[in-house]
Protein chains: 2
Amino acid sequence: MDTKAKIAVLERAKLFGGLARDVLAASAESAQIKLIEKGSVLFQQGDEATSHYVVAWGRLRLDQTTPDGKNVVLRFMGPGDLVGSVAVWRGVPYPATPLAVEDTRLLVWSAARMMDLMQCHPPLSMKAMVMMGGRIEELQERIQQVATQQVERRIAATILKIAGQSGRKVETGVEIPFPVSRQDLAEMTGTTLHTVSRTLSAWIDDGILEGRRSSHLTICRPHRLVEIADQA
Amino acid sequence: MDTKAKIAVLERAKLFGGLARDVLAASAESAQIKLIEKGSVLFQQGDEATSHYVVAWGRLRLDQTTPDGKNVVLRFMGPGDLVGSVAVWRGVPYPATPLAVEDTRLLVWSAARMMDLMQCHPPLSMKAMVMMGGRIEELQERIQQVATQQVERRIAATILKIAGQSGRKVETGVEIPFPVSRQDLAEMTGTTLHTVSRTLSAWIDDGILEGRRSSHLTICRPHRLVEIADQA
DNA sequence: CGGCCGTTTGAATTGTTTCAAGCTATGTGG
DNA sequence: CCACATAGCTTGAAACAATTCAAACGGCCG
């Protein structure tokens, strides 16, 4: 991947999109490329934060393991998303583990290089703040969801969020183009595999969803799902 | 309050602490003072974000109301805490409502002035990013809690967090120096007033806590509460 | 073919909520 | 100074949503 291709990736990244040519060029030039295979992790929760990444292709699932062994899926990440940024900026260990759910290609910067870029290009740090603010609001919304809504609504909302971020239109509806297991959904909504399975089964029976027994989920009647997600 | 006093407040604020003299002076000079009474709100969730605040004295509770009328307490804020920052930087409406639970005094900047300060003083925006990163981790931890732990543990952890932020040592243990109702705790932990009441009653019977019927909560046996908070 | 992993589904169990009633400080107006 | 109202809290009993336990199914890979 040459600098031109790197710039193309950066333009789609939330952190870099819309920034001046010279900032992109400076950033792209100092980026390394890293490739990881489906099923392997980029780094481990608790590792020292030495690098900062931008996803070029592929998809990652961000997992957080609790001291007592339970797992929470924080989110899925795709092209343009940032990985490890917060830990690098704060100088603390990575708080979660990104696992590739597809073969994935990323741009990499060392922590020091990233800090340099930030210092030299104020628009970059402005952008970073806006982005982090967005993440804060997202997390606050999720807390509100887990704290006040019941399971069925949370599952519906979660599926819709994933579809909104990564869904593709197909003949039968909107498809999520990478595998999302019942276990994943359980760990995103704070419930159990069993409850998710039952709920999805009911929706599939109602024709709202397609995708029994793994494969890829397809939303056939998005409108119904929205109704479930924000029913009073 | 003169500029000197303002600087003293800023030095204790997370955003300004440890910054160079000239940054503090420039910031303090352009700050206005605002006083609000116990029970009144600083602004309303949904209002356009026109100002950014730092708490000088007093205490606020940050509330978020859901579309269907339920309420979530995001956190309590005291001296040195920032209010409204994220919304100002992002140029979006305030996502929550800060309510004074004591008479409170704040420093105020217009959104435009705040952005100027940020642009002119890179160390300020660096500090802001580190701070926002901290908030992101805090929120992720809370999601993990609400999603995986049962109510008793969440209540224990929440009381300990409040005590850690604002607790004062007294003869009988650690006291939370402002009123925290059972309803508040319920809205922080995603449960009901009734469950909180039952749980606290049990703890008071066990001598872990003091503070039946409102008044101020005092933790008599912090160690026991920690055990409950992180029991496997 | 056989084993495995993710899933489905039923039944029993439980933590938590909901419903309902009563309590106790605190404050207010007569 | 005493009824009276109020706000916040407590507590029991019933109802329920979701989890846990248990077993079996189906697709896929070696």
Side-chain angles (χ1 to χ4, degrees), chain A residues 38-39 61 63 68-73 99 101 145-159 176 178-206 208-218 228 231-232, chain B residues 38-39 61 68-73 99 101 145-156 158-159 176 178-206 208-218 228 231-232:
Chain A
K38 175 173 174 171
R61 190 185 70 208
D63 285 352
D68 54 304
K70 285 182 184 168
N71 207 54
V72 175
V73 175
L99 174 93
V101 296
Q145 268 196 15
V146 186
T148 67
Q149 298 178 182
Q150 52 188 52
V151 172
E152 191 181 42
R153 287 183 66 180
R154 305 204 302 260
I155 298 174
T158 302
I159 292 177
I176 294 172
F178 55 95
V180 178
S181 72
R182 322 281 143 150
Q183 182 72 42
D184 290 341
L185 286 171
E187 288 174 357
M188 296 186 83
T189 50
T191 182
T192 60
L193 158 64
H194 311 278
T195 301
V196 172
S197 179
R198 276 181 241 277
T199 308
L200 295 202
S201 289
W203 289 344
I204 291 167
D205 290 348
D206 289 358
I208 298 173
L209 234 57
E210 259 170 31
R212 276 218 187 261
R213 293 206 172 272
S214 119
S215 79
H216 292 182
L217 285 176
T218 304
I228 295 170
Q231 86 211 167
Chain B
K38 177 174 174 170
R61 190 185 70 207
D68 53 305
K70 286 182 186 169
N71 206 54
V72 175
V73 174
L99 174 92
V101 295
Q145 269 196 14
V146 186
T148 68
Q149 299 177 181
Q150 53 187 54
V151 172
E152 191 181 43
R153 288 182 65 181
R154 305 203 304 258
I155 298 175
T158 302
I159 292 177
I176 293 171
F178 55 95
V180 177
S181 72
R182 321 282 143 148
Q183 182 70 45
D184 291 340
L185 285 171
E187 288 175 358
M188 296 186 82
T189 50
T191 182
T192 60
L193 158 63
H194 311 278
T195 301
V196 173
S197 178
R198 276 181 242 278
T199 307
L200 295 202
S201 289
W203 289 344
I204 290 168
D205 290 348
D206 290 358
I208 297 174
L209 234 56
E210 259 171 33
R212 278 221 187 257
R213 295 206 172 272
S214 119
S215 78
H216 292 182
L217 285 177
T218 304
I228 295 171
Q231 86 212 164

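Below, read A as the first sequence line, B as the second, and so on, with proteins coming before strands; counting in each chain starts at 1.
- Here A:Asp63 pairs with A:Arg61, A:Asn71, A:Val73 under the side chain to side chain contact (heavy atoms under 4.5 Å, CB included) rule; sequence neighbours left out.
- A donor-acceptor pair under 3.5 Å links the side-chain atoms of B:Arg154 to the main chain of B:Gln149, judged by distance alone.
- Residues that satisfy the side chain to side chain contact (heavy atoms under 4.5 Å, CB included) test with A:Glu210, not counting sequence neighbours, are A:Thr172, A:Thr218, A:Cys220.
- Here the straight-line distance linking atom OG1 of B:Thr195 with atom CD of B:Glu152 works out to 11.0 Å at 0.5 Å rounding.
- A 4.5 Å side-chain heavy-atom check between B:Val101 and B:Asp184 finds every atom pair outside the cut-off.
- Protein chain A contacts DNA chain D from D:dA18 to D:dG26, reading 5' to 3' and using non-hydrogen atoms of the protein with a distance under 4.0 Å.
- Considering only heavy atoms from C-beta on, B:Ile155 stays 4.5 Å or farther from B:Ile228 through its side chain.
- Between the A:Asp205 side chain and the A:Ala202 main chain, no donor and acceptor come within less than 3.5 Å of each other.
- The backbone N or O of B:Ile204 lies less than 3.5 Å from no partner atom in the side chain of B:Arg212, so there is not a single donor-acceptor pair.
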- In 5'-to-3' order, the base (B), backbone-only (S) or no-contact (-) status of each nucleotide in nucleotides 8-20 of chain C, using a 4.0 angstrom heavy-atom cut-off, is BBBB----SBBBB

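- If you take NE2 of A:His216 and C1' of C:dT7, they are 16 Å apart, rounded to a whole angstrom.
- For A:Arg198, the side chain to side chain contact (heavy atoms under 4.5 Å, CB included) partners two or more places apart in sequence, or in a different chain, are A:His194.
- Under the side chain to side chain contact (heavy atoms under 4.5 Å, CB included) rule, B:Val151 has a single partner from B:Thr192, B:Thr189, B:Val146, B:Thr191, which is B:Thr191.
- The end-to-end axis angle of the helix from C:dC1-D:dG30 to C:dG30-D:dC1, rounded to 10 degrees and based on five pairs per end, is 30°.
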